[in-house]
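For this chain, numbers begin at 1 and follow the sequence in order.
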Amino acid sequence: MGAIDPTERAGVLHRLADAIDDNAEELALLDVRDNGSPIREMRNDARVASAQLRYYAGLILQLHGQTTTTSRGRLNYSIRQPWGVVGRIIPFNHPFMFAASKIAAPLAAGNCVIVKPSEFTSLSALRLGELAADILPPGVLNIVTGFGAEAGDALVAHPKVRRLAFIGSAQTGRAILRRGAEINVKSITLELGGKNPLVVFPDADVDTAVEAALRGMNFTWQGQSCGSTSRLIAHAEIYDELVTAVGKRLDEMRSGSPEDEATDTGAIVSEPQLEKVLSYIAIGHEEGARLVAGGTRVTDGDLGKGRFVRPTLFADVDPRSRLAQEEIFGPVLAAMPFRTYDQALEIANNVQYGLTASVFTRDLAIAHRFAEDIEAGYVWVNDVSRHTPGTAFGGFKDSGLGREENVEELESYTQSKNVHVNFGR
Ligand code: NAD
């Protein structure tokens with residue numbers, strides 16, 4: 001891609017975005033059948049993917065070097081050059097969105113890309129490869145399917161892949177860092193898991209907070225999102241009201257076929273993921289948390305043949321318990337009360353992760369103080385889940401390294417080279 005003139009490169013990315021828009025319904029359906037998330041959401045994923053391609057196409061001419069003041073007769077400038085081959089390893093939860101949107105920045109920066117989709121959800125990435133074959137030059141985009149320990153490892157261990165970006169669990173991310181370092185020096189960025197807090201102060205509007213708790217947990221796609229606000233931390237004054245209202249709304253959510261437009265919550269992606277979710281529900285009971293809603297697998301009718309788990313809420317969860325500490329990546333929300341600001345912050349920060357956080361309050365001082373104090377890469381005040389296009393997304397602590405969805409991501413797919421010229425005065 002680096003050999004293509006930047007404006008022509010932008011045109012290529014726009015043509016790929018057009019092809020995605022033209023085939024969005026088919027791409028969304030492939031994901032629905034592969035990962036069990038509802039059609040409405042998977043359509044949106046296709047839209048996000050083409051929008052990201054257009055965003056990075058528009059940024060190509062913003063890849064600037066610098067000139068630096070130096071002595072007379074000398075010139076110092078820097079240029080940005082692509083790495084060459086970039087490896088992108090992606091997870092199962094938004095298969096097409098990640099496959100298509102995460103090639104945008106590396107291609108815009110002039111690299112070739114090898115995408116390794118999840119072994120559970122490879123179909124839409126393969127279709128992307130077919131669509132791109134008529135648009136991108138040969139060899140520029142490669143889709144390599146397979147298991148993590150084989151295809152993923154081969155990509156990490158290849159000495160010519162110097163730049164890797166990984167989206168997945170913290171455990172795999174750490175293994176990839178280790179493995180890459182055994183081979184040579186690589187630039188590896190990581191978008192990892194989360195156990196994100198949604199903190200509600202007593203002055204917040206409870207109805208708004210209820211909506212946010214439901215939306216933030218992404219129950220529609222079974223809570224399978226890194227950014228899901230899976231810990232609801234509410235002030236004792238409004239805690240009971242909030243927990244009861246969220247529980248009631250969860251009971252009303254309709255589990256259904258992911259192909260049905262009216263479905264509120266779809267199916268879990270795979271058998272191992274289903275077992276993981278059910279095991280955490282058992283852990284919640286063992287740890288003495290109070291089950292408010294859900295907590296069961298759907299066993300009757302057609303849905304009983306699938307992997308449907310009712311949206312689940314546990315209340316009175318001990319902040320030090322496994323239910324409060326570990327990422328489940330399923331439809332299980334853990335609620336816990338607090339009494340003081342310091343207590344809320346202590347609970348919110350006391351986990352290994354630091355991806356997103358959300359705070360609900362009408363008090364500007366508390367909102368800004370919380371945004372400053374919280375250990376998270378993306379903070380919402382009186383909102384949840386929204387990614388503002390062009391802003392940096394990424395994690396603190398074990399939630400990751402590096403930032404995506406902005407100019408920084410584009411630049412991360414280049415290496416800076418400094419040139420010092422003596423023109424002889
Ligand atoms: P995972 O870590 O099991 O797998 C992710 C990808 O890594 C898959 O393609 C897998 O095949 C591959 N892989 C596994 N072992 C590997 C190895 N040894 N070497 C190379 N590749 C390997 O994650 P998952 O279960 O697919 O996805 C869920 C996780 O992803 C959750 O932790 C979630 O929070 C995280 N996630 C993070 C973000 C983010 O932007 N921060 C977004 C979505 C998902």
Check your understanding: Ring centroid separation for Phe92 and Phe329, is it under 6.0 angstrom?
Key ->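 They qualify: ring centres under 6.0 Å apart.
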
Practice item. Establish, yes or no, whether a centroid distance under 6.0 Å links the rings of Phe201 and His235. Key: no

So, [X] and [Y], do they make that salt bridge, N to O below 4.0 Å?
X      : Y      : answer
Arg249 : Asp264 : no
Arg386 : Asp383 : yes
Arg322 : Glu286 : no

Check your understanding: Do Arg88's NZ or CZ and the ring of Phe166 fall within the cation-pi criteria of under 6.0 Å and 45°?
Key ->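 Here Arg88 fails the 6.0 Å and 45° test against Phe166.
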
Check your understanding: Just checking, Arg297 and Phe308: is the charged tip under 6.0 Å from the six-membered ring centre and within 45° of the axis?
Key -> no

Between [X] and [Y], which heavy-atom pair has the shortest distance, and what is it?
X      : Y      : value
Leu126 : Ile143 : CD2-CG2, 4.0 Å
Ala204 : Phe360 : CB-O, 3.5 Å
Leu323 : Gly284 : CD2-CA, 3.8 Å

Point to revise | Geometric class of the Tyr378/His387 ring pair [parallel <30°, tilted 30-60°, perpendicular >60°] | key: parallel

Exercise for review: Step by step, work out the salt bridge (Lys or Arg N to Asp or Glu O under 4.0 Å) result for Glu26 and Arg127.
Suggested key: CA-CA 9 Å; Glu26 179 204 346; Arg127 183 70 183 117; 2.7 Å; yes

Practice item. Verify the neighbour count for atom CD of Gln171: are there more than 12 heavy atoms of other residues, nucleotides or ligands below 6.0 Å? Key: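 Check fails, neighbour count at 12 or below.
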
Practice item. Inspect the surroundings of CZ in Arg339 and state if more than 12 heavy atoms from other residues, nucleotides or ligands are less than 6.0 Å away. Key: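 Counting neighbours around CZ of Arg339, 12 or fewer heavy atoms of other residues, nucleotides or ligands fall under 6.0 Å, so no.
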
Review point. Quick one: does Lys116's side chain have a donor or acceptor within less than 3.5 Å of a partner on Gly146's backbone?
Key: yes

**Study point:** Arg231 side-chain N/O to Pro319 backbone N/O, donor-acceptor pair under 3.5 Å
**Key:**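 No, Arg231 side chain to Pro319 backbone: no donor-acceptor pair under 3.5 Å.
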
